[in-house]
Amino acid sequence: MSKNDKPIVILNYKTYLESSGDKALSLAKDLESAYDETGIPMIASPQAIDITKIKDETSIPVYAQHIDPIKPGGNTGSNLLESFLANGIDGTLLNHSEKRMKLADIESLVTKAKESNLKTCVCSNNVATSEAIATLSPTYVAVEPPELIGTGIPVSKAEPEIITGTVDKVKNINKNVKVLCGAGISTGEDMKAAIELGAEGVLLASGIIKAKNPKEALLDLVSKI
Ligand SMILES: O=C[C@H](O)COP(=O)(O)O
């Protein structure tokens, strides 16, 4: 990470009740005020239906959780890139382990997203997949061992080598691709350990979303970096 870059936090809302509907907006306001207080960039990745109100009522960047590799037309139930663009989206997650994609589809969406000035955070499950994804030059590769997701066991402590290995391989391919990590991250200690291992930010969910006080949890998350 260069001196001027700050680590980032992407909060994946997934489909928790605690991050849906009115609570989606309240969580976005927590992210916004945590950013105002700390200067650490905070990004919300809510369900598609909650994007517009968060864009309307806060100034934080908003990423889609997934975009389908489709063209406009007959694709009932799908997420169309052009619709997200019309609603002012700033970026998207792709290939989350809860929404895996084919490599060719990831490539085509990363390309289309770049043409639309959207950031892309492409998830990977291990070092080899991180390396393959880096060749597509997304904005971020986010490495997350699936078995640790939602467990509260932080990847930065349980599998530090997956972070260092990903940083090593990704930077060898393209030093401009930033590396994030996720799975089980919730505390300031977890995030500090991730940054010390070379990650440039975190992608996280349950530790913040299910916290009694998400704003305090966010402040704690970034308190040691
Ligand atoms: O997208 C976020 C990750 O899957 C991590 O989820 P978690 O923080 O609940 O372990």
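Read the numbers this way: they start at 1 and go in the same order the structure lists the ligands and their atoms. In this text the structure is predicted, and so the values were computed from the model without any measurement.
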Review point. Is atom NZ of K169 surrounded by more than 12 heavy atoms (other residues, nucleotides or ligands) closer than 6.0 Å?
Key: no

Check your understanding: atom 8 (O) of ligand 1: which protein heavy atom is closest, and how many Å away?
Key -> A205 N, 2.9 Å

Check your understanding: What do you reckon, does E98 have a nitrogen or oxygen under 3.5 Å from a nitrogen or oxygen of ligand 1?
Key -> no

Review point. Which ligand 1 atoms are under 4.0 Å away from a heavy-atom of L203?
Key: 1 (O), 2 (C)

Practice item. List every atom of ligand 1 that sits less than 4.0 Å from any heavy atom of H96, numbering the atoms from 1 in the order shown and giving each element. Key: 1 (O), 2 (C), 3 (C), 4 (O)

Study note, to complete from the structure: One finds that the ligand 1 atoms under 4.0 Å from a non-hydrogen atom of G150 are 7 (P), 9 (O), 10 (O)

Review point. Is there a donor in the side chain of T111 and an acceptor in the side chain of E107, or the other way round, less than 3.5 Å apart?
Key: yes

Point to revise | Which residue and heavy atom of the protein sit nearest atom 3 (C) of ligand 1, plus the separation | key: E144 OE2, 2.6 Å

Check your understanding: Counting from 1, what ligand 1 atoms have a heavy atom of I149 closer than 4.0 Å?
Key -> 4 (O), 6 (O), 10 (O)

Revision key, fill the gap. among protein heavy atoms, the one nearest atom 9 (O) of ligand 1 is S206 OG, 2.5 Å

Check your understanding: Any side-chain heavy atom of N12 within less than 4.5 Å of one from L93?
Key -> yes

**Study point:** Shortest non-hydrogen contact between S223 and G188, atoms and distance
**Key:** OG-CA, 4.3 Å

Exercise for review: Could you tell me whether K23 and E18 make a salt bridge, using a distance below 4.0 angstrom between a side-chain N and a carboxylate O?
Suggested key: no

Review point. Near Y35 OH, under 6.0 Å, is it more than 12 heavy atoms from other residues, nucleotides or ligands?
Key: no

Exercise for review: Check the side chains of S33 and D36 for a donor-acceptor pair under 3.5 angstrom, ignoring hydrogens and angles.
Suggested key: no

Point to revise | Minimum-distance protein heavy atom relative to atom 6 (O) of ligand 1 | key: K14 NZ, 3.3 Å

Check your understanding: Would one find an N or O of G184, backbone or side chain, under 3.5 Å from an N or O of ligand 1?
Key -> yes

